[in-house]
Every structure is written in structure tokens, then in C-alpha cells.
Amino acid sequence: MIAAAEPRADRRAQRLMRVDVARGTLTDGRVASLAEHARPGDVWVLNDAATLPASLAGRAGGRSVELRLAGERVDGSWRAVLFGEGSWRDDTDARPPPPVLAPGEAIELGGALDARVIEVDDRSPRLLTVRFEPGGDAFWRALYALGRPVQYSYLGPSAGRPLDAGLLLQLRRRGAEVTSLTHAAGLSATGDADLDARLPLPERYDVPERTADAIRRALAEGRRVVAVGTSVTRALEGAFALHGEVPAGPGETGMVIGQRTPLRVVDALLTGAHDPQSSHYQLLRAFAPDALLARAVERSTAIGYLGHELGDSWLIA
């Protein structure tokens, strides 16, 4: 599939592949008709997280670097990945490695913001735990002044999404319950093949009481839970794996979902059309057999689906 640099100009033209696991069939359609696939009693869960300006340019070890935030930790420090010279316009894997830093060293980020290295991962020196100076409200002001959203070289700047208010209303009219959680999705590429193989890194989430209650009732009554996005799937399944239910409140999950992962909460998934080389694709293998996913990739490619975050969609159910 061609990686989409931006969403389709006409939202109504965005494509939707229905991957029917029970029947082993594929049906090409349009996202505009998504509600036709909803069932009365479904609980559709969306991620309402805002996009952080998580890319920060700076200097460390006498060199230009980029620090990409990979998630705040409970103690207020941050996981982050350090990149060498270059920018989002450069292929992530082609950029030079960053300088090797040690705990206590600083990354100068400009303005009034610095990052102090607290910990260096023992398997990848570019995976750091850092603490920002200053902290508190001053940190957030500096972050939004100096940072920019993480962007990859194949993407154009857009926040396009397949669902809009009209589609959400249609889902509700079909008898589905639409709710949300907040999941701070992390990085999808680090420039280090070994570190990429460990993705996703642990990520924080927060489940509102209304969402926890909706999921609790759906599981008890045998109704479907539909995750809108792989990040929602990780949050819900990670929470259940830890607690035996999906409780309300904040949490963190490093759960990696793949072919052999039993799904305890999520029955169906609305996701972007991903190629088999992407980390997102491995999660899809928990929902459908490899042969069916391979057919979906082959057909999507043949009929012109656009892939990755801003591309067309699959509904796996």
C-alpha cells in the first residue's frame, strides 16, 4: 500500500475494508457507511488524547539532537528517545546515531527548558529517562512554546481522522454506545532496529468512570466492545491483564499484543490499513488469522488503499 501523506481531500471517499473473521470475507466500502456495521448494544471506544508537541530540538555532547517524548512516568519523569542530527524530513532509519549520554548529563533545548538524563536503558543508549527543568506549569508552557508534534517523513501535517460528528451520531442512532478513554500513544519508530522491535514502550492511559461502566456492562451482557484504534486496544487489554477488569482511573501498560494474545475485552477493531512490516500490524494478528490479513493487504494494495495513520481503514470483526 502507498503510505498516505495526508487524508483524502473528500472525507466521503475514504475507504473501509470490512474484514469479516467469521466468514473469512473482505468487503470494500466507504467510511461514510461505517454505521451499517454497528450493532445495537455495541460499545465503541475512542481515544480522546490530544497531540503533544513531543519533538524537541536541542544540543547534547556538542552535537545537534532531537528528543522525542515517549510518555510521562508516574513520578513526573519522561521516557524519551534521542535522535542524531536531522529532522522529521529525513528517513528515521537513515539519520546518524545520537551521542551516548550518561546519567546526570543535560540536553539543552533552548529557551528556559533543559532535560537532565536520569537513566539510560541498558539495551539501547538512545532510550532515556529524563527530568525537565523547570517542572510544573513552567514545563508545559515551555513545551508548547518550543516543541512540535512528532512527524515522520512520509506524512504531511494533518490531524485528519476517519470519524466525524456525523458518523458518531449515526453510530448512536444504530443503538451503539460511543465513549472514550485517554491513551498517550507513544513513538512508532526510533531509528534503532533493536529498539523498534520492543515497541510499543510502556504508555499511560486514563479510563473515565462512564467508560469503565459501559465496558463492565457490555462484558456482563455479552455485547461487543469495538476499539477505535490500536492504542485503545492496548489500554483496554492491558488494564484487564493487570486487574482482571477495566477499572476507572489512570494506569500504564507495556503490553505487546500479537498473534497469540487472548483478547479479553475487545471484540472488533477499527484501524488504519497497515502493511505487514509495521508494528501496528502485529496487533492485528490477535484479531484475525494471518491468511485473512494477508488477503486483506493484497486486495487493499490492488485496489488502491492508502496506508498508515492518515490512510484508509479496516474494520476487523
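Small disclaimer: the values here were computed from a predicted structure and weren't measured.
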Practice problem: Supply the atom-to-atom distance R18 CZ to H37 NE2, rounded to the nearest 0.5 angstrom. | Solution: 6.5 Å

Quiz prompt | Evaluation steps, salt bridge (charged side-chain N to carboxylate O under 4.0 Å, His left out), between E85 and R95 | solution = CA-CA 7 Å; E85 292 89 347; R95 291 174 63 171; over 6 Å; no

Self-check item: Electrostatic pair R15-D28, nearest N-O below 4.0 angstrom
Solution: yes

Quiz item: F83 and T190: which non-hydrogen atoms are nearest, and at how many Å?
Solution: CE2-O, 3.2 Å

Quiz item: Which pair of non-hydrogen atoms, one from P97 and one from R126, has the smallest distance, and what is that distance?
Solution: CA-NH2, 3.6 Å

Quiz item: Name the one of R216, E177, R217 that satisfies side-chain contact (heavy atoms from CB on, under 4.5 Å) with V43?
Solution: E177

Exercise. Kindly confirm or rule out a cation-pi arrangement of R116 over F132, judged by NZ or CZ under 6.0 Å from the six-membered ring centre and within 45° of its axis?
Key: no

Exercise. Would you check if there is a donor-acceptor pair between the side chains of S55 and E66 at a distance under 3.5 Å?
Key: yes

Quiz item: In Å and rounded to the nearest 0.5 Å, what is the CD1 to CZ distance from I316 to R285?
Solution: 12.5 Å

Quiz item: Can you find a heavy atom in the side chain of W44 that is under 4.5 Å from one in the side chain of L34?
Solution: yes

Quiz prompt | Test item: M17 and L315 side chains (from C-beta on) under 4.5 Å apart, heavy atoms | solution = no

Quiz item: What distance separates L16 CG from S33 OG, expressed to the nearest 0.5 Å?
Solution: 6.0 Å

Quiz item: Taking atom CD of E36 and atom CZ of R30, what is their separation to the nearest 0.5 Å?
Solution: 12.5 Å

Practice problem: Scan for side-chain hydrogen bond (donor to acceptor under 3.5 Å, both in side chains) pairs involving residues 104-113, sequence neighbours excluded, and state none if there are none. | Solution: none

Self-check item: Side-chain (H183) to main-chain (S231) donor-acceptor, under 3.5 angstrom
Solution: yes

Practice problem: Would you check if D267 and V226 make a side-chain contact, meaning some heavy-atom pair closer than 4.5 Å? | Solution: no

Quiz item: Roughly how far, to the nearest 0.5 Å, is CG of L67 from CG of L146?
Solution: 12.0 Å

